[in-house]
Student: 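Have a look at this one.
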Amino acid sequence: MIGVGDGVPQTNFLYRVRTDGKDICYVDETNGGENPFEWKELSTADIFSGKRVVVFSLPGAFTPTCSTFQVPGFEQNYDKMKSLGVDEVYVISVNDTFVMRQWMIHQKVKNIKFIPDGSGKFTAGMGALVAKDNLGFGVRSWRYAMVVNDGIIEYMGAEDGIMNNCETDPYVNSTPEKVLEYLENA
Ligand code: BEZ
């Protein structure tokens, strides 16, 4: 995997968003119509340029550890991270925008933003793309959490032992607590 001092991969993410102009974190379903959505493209520059952001990545939407601990943990600590000089917090997964949007709604998220890396291009550029064929998942992301300042990685908390078809699902180094520990001492 790439690490501290490296630039994040340059790529684009495709989102399907509501046509009322609300962003990916908007969960109000009152904007009616048969299909009130349109496709939008977000570049890595849109996300990272001139900003200090936290990004955490995980093996899949709706999976147990990610849904029970990782996403709720970062959501609950969003204000604390902001108070420590972070502009935004993003979660990224090798899932498409339909899946990521429904997961976001299911999680009742109000703060962190969901990035669909459906084609895995960003994750591949991070060196974090791993096979999970042992679970029928295809290729997904190894778990990590990082702090990125203006596109350059300033902190990386990746799980140890990156490998294909890992039998376990380590969640030790990429927790919100580890990111907070770094931010508080940075
Ligand atoms: C989990 O988040 O618990 C999980 C992730 C990937 C595979 C299986 C479980």
Side-chain angles (χ1 to χ4, degrees), residues 1-4 6 8-9 11 13-16 24-27 42 44 47 53-81 86 88-148 153 155-183:
M1 284 185 64
I2 63 172
V4 173
D6 293 325
V8 293
T11 187
F13 303 103
L14 284 163
Y15 282 93
R16 187 172 170 265
I24 191 73
C25 266
Y26 181 64
V27 295
L42 195 69
T44 19
I47 294 172
V53 300
V54 169
V55 178
F56 63 101
S57 189
L58 38 77
F62 292 100
T63 55
T65 304
C66 312
S67 296
T68 310
F69 300 109
Q70 205 170 5
V71 164
F74 278 92
E75 173 74 3
Q76 280 155 24
N77 284 295
Y78 178 82
D79 287 336
K80 203 163 178 187
M81 288 181 187
V86 165
E88 269 312 335
V89 179
Y90 294 93
V91 53
I92 186 164
S93 181
V94 182
N95 288 114
D96 64 69
T97 183
F98 290 86
V99 170
M100 288 299 269
R101 185 170 184 280
Q102 286 304 322
W103 191 33
M104 175 191 74
I105 291 167
H106 189 260
Q107 288 280 302
K108 298 187 168 61
V109 159
K110 295 273 182 277
N111 296 309
I112 63 176
K113 292 187 162 59
F114 282 51
I115 302 177
D117 186 26
S119 300
K121 287 183 182 163
F122 183 86
T123 303
M126 289 295 301
L129 202 60
V130 291
K132 291 193 94 59
D133 295 315
N134 57 326
L135 298 174
F137 281 20
V139 286
R140 295 298 175 97
S141 181
W142 191 247
R143 223 187 272 277
Y144 65 88
M146 62 182 176
V147 180
V148 183
I153 300 170
Y155 168 79
M156 173 59 79
E159 297 305 332
D160 295 332
I162 183 169
M163 69 172 85
N164 290 321
N165 300 313
C166 185
E167 290 297 333
T168 58
D169 179 36
Y171 180 50
V172 176
N173 301 328
S174 58
T175 62
E177 290 76 21
K178 285 281 164 66
V179 173
L180 282 172
E181 197 178 302
Y182 167 74
L183 292 170

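Whatever order the structure lists ligands and atoms in, that order sets their numbers, starting from 1. The model shown is predicted, which means the values in this text are computed figures rather than measured ones. We use all heavy atoms of the structure for the numbers below, so side chains are in, but hydrogens, waters and symmetry mates are not.
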Student: Do the rings of Phe62 and Trp103 sit parallel, tilted or perpendicular, given the 30° and 60° boundaries?
Tutor: tilted
Student: Between Asn95 and Ala61 (side chain of the first, backbone of the second, donor and acceptor by atom type, cut-off under 3.5 Å), is there such a pair?
Tutor: yes
Student: Apply side chain to side chain contact (heavy atoms under 4.5 Å, CB included) to Thr168 and list each qualifying residue two or more places apart in sequence or on a separate chain.
Tutor: Cys166, Pro170
Student: Tell me every residue that passes side chain to side chain contact (heavy atoms under 4.5 Å, CB included) with Ala131, counting only those two or more places apart in sequence or in another chain.
Tutor: Asp133, Asn164, Asn165
Student: Report all protein residues having a heavy-atom distance below 4.0 Å to some atom of ligand 1; order the list by chain, then number.
Tutor: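 Answer by chain and number: Pro59, Thr63, Pro64, Thr65, Cys66, Leu135, Phe137, Arg143, Asp169.
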Student: Give the minimum heavy-atom separation between Glu75 and Val109, together with the two atoms involved.
Tutor: OE1-CG1, 3.5 Å
Student: Please list, chain by chain and in numerical order, all residues satisfying side chain to side chain contact (heavy atoms under 4.5 Å, CB included) with Thr175, sequence neighbours excluded.
Tutor: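 In terms of side chain to side chain contact (heavy atoms under 4.5 Å, CB included), with neighbours along the sequence ignored, Thr175 is linked to Tyr171, Glu177, Lys178.
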